[in-house]
Visitor: 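Provided herewith is a single structure, encoded as structure tokens, for subsequent inquiry.
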Amino acid sequence: MCKLFIEADPRLWQTRLKSVRLNGFSTSVRLENLYWQVLEEIAQRDGMSLPQLLAKLHEELVFTHGGVENFASFLRVCCGRYLALQLEGDVPRDLGTPIRSLDADAILAREARRTGRRRSLSSAA
């Protein structure tokens, strides 16, 4: 089992620091290369550059939640959710389908039903 992870390209877990402007301020975000690759894919799906995607995510996060304590952690979770939603079939693997064209409310509702079902199954065990 571990060989799949141990013998993967070590560049995937190496970190890179990228500078970006968020809310008019210049800052840096450090993530592993694997996460930068996923974020690039998400950005490309919607015809954005990586800095544009990061600025949009940060802007909407601040608008919705008033701020963010750890933006790098938020970005890692975004990547994990993106990949998980692809596995569930909620986000098409076809990169020609923009994320903005998806029905977010319907996807979140399906996800909530799946999560609720998993909790009830694990509670019964």
Visitor: Does one hydrophobic cluster hold both Leu85 and Leu53, with members joined at side-chain heavy-atom distances below 4.5 Å?
Guide: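 Same cluster: Leu85 reaches Leu53 through Ile, Leu, Val, Met, Phe, Trp or Tyr contacts under 4.5 Å.
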Visitor: Could you check whether any side-chain N or O of Arg45 sits under 3.5 Å from a backbone N or O of Arg100, counting only pairs where one atom can act as donor and the other as acceptor?
Guide: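 Not confirmed, Arg45 side chain does not pair with Arg100 backbone.
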Visitor: May I ask you to test the Leu87-Arg93 pair for a side-chain heavy-atom distance under 4.5 Å?
Guide: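 A side-chain contact under 4.5 Å exists here.
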Visitor: Where do Pro92 and Thr97 come nearest, in terms of heavy atoms and distance?
Guide: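 So the two residues come closest at CG-CG2, 3.9 Å.
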Visitor: Can you name the residues that form a salt bridge (Lys or Arg N to Asp or Glu O under 4.0 Å) with Arg16, not counting sequence neighbours?
Guide: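 With sequence neighbours excluded, Arg16 shows a salt bridge (Lys or Arg N to Asp or Glu O under 4.0 Å) to no residue whatsoever.
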Visitor: Taking the side chain as every heavy atom from C-beta outward, state whether Asp90 and Arg114 have any atom pair closer than 4.5 Å.
Guide: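 They are in side-chain contact.
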Visitor: To the closest 0.5 Å, what do you measure between CG (Leu50) and CD (Gln44)?
Guide: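 Atom-to-atom, Leu50:CG and Gln44:CD are 9.5 Å apart.
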Visitor: Does Ile99 offer a backbone N or O that forms a donor-acceptor pair with the side chain of Asp46 under 3.5 Å?
Guide: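 Yes.
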Visitor: Same cluster or not: are Leu83 and Ile107 linked, directly or through other Ile, Leu, Val, Met, Phe, Trp or Tyr residues, by side-chain heavy atoms under 4.5 angstrom apart?
Guide: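 Yes, same cluster.
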Visitor: Could you tell me whether Glu111 and Arg81 have a side-chain N and a carboxylate O separated by less than 4.0 Å?
Guide: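 Yes, this pair counts.
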Visitor: Mind checking whether Val62 and Phe25 sit in one hydrophobic cluster, side chains of I, L, V, M, F, W, Y counted as touching below 4.5 Å?
Guide: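 Different clusters: Val62 never reaches Phe25 through Ile, Leu, Val, Met, Phe, Trp or Tyr contacts under 4.5 Å.
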Visitor: As an exercise, state the distance from CZ of Arg21 to OG1 of Thr27, rounded to the nearest 0.5 Å.
Guide: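 So the gap between those two atoms works out to 10.5 Å.
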Visitor: Distance check, rounded to the nearest 0.5 Å: Leu75 atom CG versus Ile42 atom CD1?
Guide: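 Output value for this atom pair is 9.0 Å.
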Visitor: Taking all heavy atoms of Ala55 and all of Leu22, pick out the closest pair and write down the distance.
Guide: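 The answer is CA-CD2, 3.6 Å.
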Visitor: Shortest non-hydrogen contact from Ser28 to Ser19?
Guide: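 So the minimum-distance heavy-atom pair works out to OG-OG, 3.8 Å.
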Visitor: Test of understanding: clusters of I, L, V, M, F, W, Y form through side-chain heavy atoms closer than 4.5 Å, transitively. Do Leu39 and Leu61 belong to the same one?
Guide: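 Shared cluster, yes.
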Visitor: Side chains of Leu12 and Gln37: closer than 4.5 Å at any heavy-atom pair?
Guide: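 Touching, per the 4.5 Å side-chain cut-off.
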Visitor: How close do Ala72 and Val29 get, counting heavy atoms only, and between which atoms?
Guide: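 Closest approach of Ala72 to Val29, heavy atoms only: CB-CG1, 4.3 Å.
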Visitor: Are Tyr82 and Leu54 joined in one hydrophobic group, where the rule is that I, L, V, M, F, W and Y side chains link up if heavy atoms are under 4.5 Å apart?
Guide: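 They do share one cluster, since a chain of ILVMFWY contacts under 4.5 Å joins Tyr82 to Leu54.
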Visitor: Filter on ring-ring contact (aromatic ring centres under 6.0 Å, His included), then keep only pairs touching residues 35-69, sequence neighbours left out; what's left?
Guide: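 Sorted pair list: His58-Phe71.
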Visitor: Could you tell me whether Lys56 atom NZ has more than 12 heavy atoms of other residues or ligands within 6.0 Å of it?
Guide: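 Check fails, neighbour count at 12 or below.
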Visitor: Contact between Asn33 and Asp9 at the side-chain level, heavy atoms closer than 4.5 Å - yes or no?
Guide: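 No, too far: nothing below the 4.5 Å cut-off.
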Visitor: How close do Trp13 and Phe5 get, heavy atom to heavy atom, and via which atoms?
Guide: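 Nearest heavy atoms, Trp13 then Phe5: CZ3-O, 4.2 Å.
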